[in-house]
Number of protein chains: 2
Amino acid sequence: MCCIDTPKKIFGKLYQSVYFCGVMTKAERTRHFIVEKAAPIINKKGMAGTSINDIVEATRLTKGSVYGNFESKDEICLEAFDYLAKRVGADIVMAMSRANSNKDKLFALFEYYLAVVSQENTYGCPLLNFGTEADDTNPIVKQKVNKAILATENLIAKVVRSGIEAGEFKRSFDPETFSIKAFAMIEGGMWIARLQGNNKQLQIILDSLKQEIDDYCQ
Amino acid sequence: MCCIDTPKKIFGKLYQSVYFCGVMTKAERTRHFIVEKAAPIINKKGMAGTSINDIVEATRLTKGSVYGNFESKDEICLEAFDYLAKRVGADIVMAMSRANSNKDKLFALFEYYLAVVSQENTYGCPLLNFGTEADDTNPIVKQKVNKAILATENLIAKVVRSGIEAGEFKRSFDPETFSIKAFAMIEGGMWIARLQGNNKQLQIILDSLKQEIDDYCQ
DNA sequence: ACCATTTTATACCGATCGGTATATTATTGC
DNA sequence: GCAATAATATACCGATCGGTATAAAATGGT
């Protein structure tokens, strides 16, 4: 589904890299390009902490060019969150799809988070970063994060449910409780890992979740 | 230890409220007053999202007056975090001290977080708010949050440990693992509660922690 | 290859940012 | 109560903020 565009020289500047679809118009591709470059910066420095100039520098475009494709900084932030959330969601589904049993799907989810937290240029979970900033300031982002939380929890609950139906897990394994608990532990654990600068506590948290799953296996 | 100062009229403006100690100099009291007013704003809007003007308006002082007491906005943010973290810590110790058994101390901790999350003008846990913003931008705040995390976890672990020694909990109850896990769940749970606008999931998370404690009681 | 349309760069806007010099006012030690 | 000191308000600084008008340049349909 993806294709690579030849980098274009405009006014002597090299400014585009990878596009997701060749049938996009120029404007759509540039919009996507801007979001792609802005998203990690916003995830790192926050919405309030990121200036248009940061985005201009990262894209190597100009302010007029950025505002030719977006109404406002706010719109860029919204699309940046959507982009990051969609990517995380896709990566999780991908990681889980490779596992065969439902237990292994849950374990794959844990491994994904463990891998992502130590990755360079990732700057932590976008749900946590955007969520904590938005909860008292930006109701639109807040609602988007809220939906993403519920979606992730539902994903976990669904796996547990199909594990029960497949006879893999005991019937006493409560999908809703576990999904809520596991998600809170993962987000809390990733937050701690980033602040501590290591995965020690996150590892303990994920091991504890794995233990709980094993206890519910039959 | 606390005393109430008569509100002072200066240039016709009423600008001071409650001080913690009467032997403070005027400057010390004003510093404290500024921190007291700024802290909830910074906790709500973030360090980058809060302007000096926000603090000027909240204190009803002037910019020159604020900068007469602080070197920079950064210094205010640091003291605001210290103030909030210290207050949370003191409230937790207070809540726990009223309980007799170690189990009840842990339950009291949970109740504290449950109460705080629905409180007006609280704007969520300062550790989470400052921590997520600081982790990629402000190493000093990052370290402060880091220390506060460890302190809280140690507090939990200590209660579990003395519960084991008192014969209240089984020896299989691991203090370190539980404290890490419980803290991640609480922070994650509070974060979710604030975004969802209700305590439903936090309640489930805390109930799950209580269940685990009960399972380790003998 | 041309021309209408889209997209870009330049230059600029008023507002606000964090921060400061200074004069005025309040406090404090005596 | 007075002088020395501390704390405050006013006015202002350059830089940067988010955003825009406009003209030049690139794109795309024919």
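Here is how names work: the chains are called A, B, and so on, in the same order as the sequence lines, proteins then strands, and each is numbered from 1. These numbers come from the heavy atoms of this one structure, side chains and all, not from hydrogens, waters or symmetry mates.
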For Ser51(B), answer base if it contacts any base atom (sugar-phosphate contacts may also be present), sugar-phosphate if it contacts only those atoms, and nothing otherwise; contact means non-hydrogen atoms under 4.0 Å. sugar-phosphate
Checking dA9(D), dG18(D), dT8(D) against the side chain of Thr62(B) (C-beta onward), the nearest is dA9(D)
The salt bridge (charged side-chain N to carboxylate O under 4.0 Å, His left out) partner of Asp82(A) among Arg87(A), Lys147(A), Lys144(A), Arg31(A) is Lys144(A)
To the nearest angstrom, how far is Asp54(B) atom CG from dC17(D) atom P? 17 Å
On DNA chain D, more 5' by nearest nucleotide between Asn53(A) and Glu71(A) is Asn53(A)
Which nucleotide in dT20(D), dA9(D), dA9(C) has an atom nearest any side-chain atom of Leu61(A): dA9(C)
Please check if the number of heavy atoms outside Lys210(A) that lie under 6.0 Å from its NZ is greater than 12. yes
Under 3.5 Å donor-acceptor, Asn129(A) side chain and Tyr123(A) backbone: yes
OP1, OP2 of dT20(C) versus side-chain N and O of Tyr67(B): anything below 4.0 Å? no
Rounded to whole angstroms, how far apart are NE2 on His32(A) and P on dT7(C)? 16 Å
Rounded to the nearest angstrom, tell me the gap between atom CD1 in Ile52(B) and atom C1' in dC13(D). 16 Å
Mind checking whether His32(A) and Tyr83(A) have parallel, tilted or perpendicular rings, split at 30° and 60°? perpendicular
Tell me, yes or no, whether the heavy-atom count around Glu75(A) atom CD, taken from other residues, nucleotides or ligands under 6.0 Å, exceeds 12. yes
For the base of dG19(D), is there a side-chain donor-acceptor partner from Lys73(A) under 3.5 Å away? no
dC17(C) P sits how many Å from Glu57(B) CD, rounded? 9 Å
Within this structure, what is the CZ-to-P distance between Phe70(B) and dT20(C), rounded to whole angstrom? 15 Å
Nearest to the Ser65(B) side chain among dG19(C), dT8(D), dT8(C), which nucleotide is it? dT8(D)
Between CZ of Arg29(A) and C1' of dA26(D) the distance, given in whole Å, is 12 Å
Check whether any side-chain nitrogen or oxygen of Asn69(B) sits under 4.0 Å from OP1 or OP2 of dA6(D), and answer yes or no. no
Does Thr30(A) have a side-chain nitrogen or oxygen under 4.0 Å from the phosphate oxygens OP1 or OP2 of dT8(C)? yes
Atom-to-atom span, CD of Glu75(B) to P of dG18(C) - whole angstrom: 15 Å
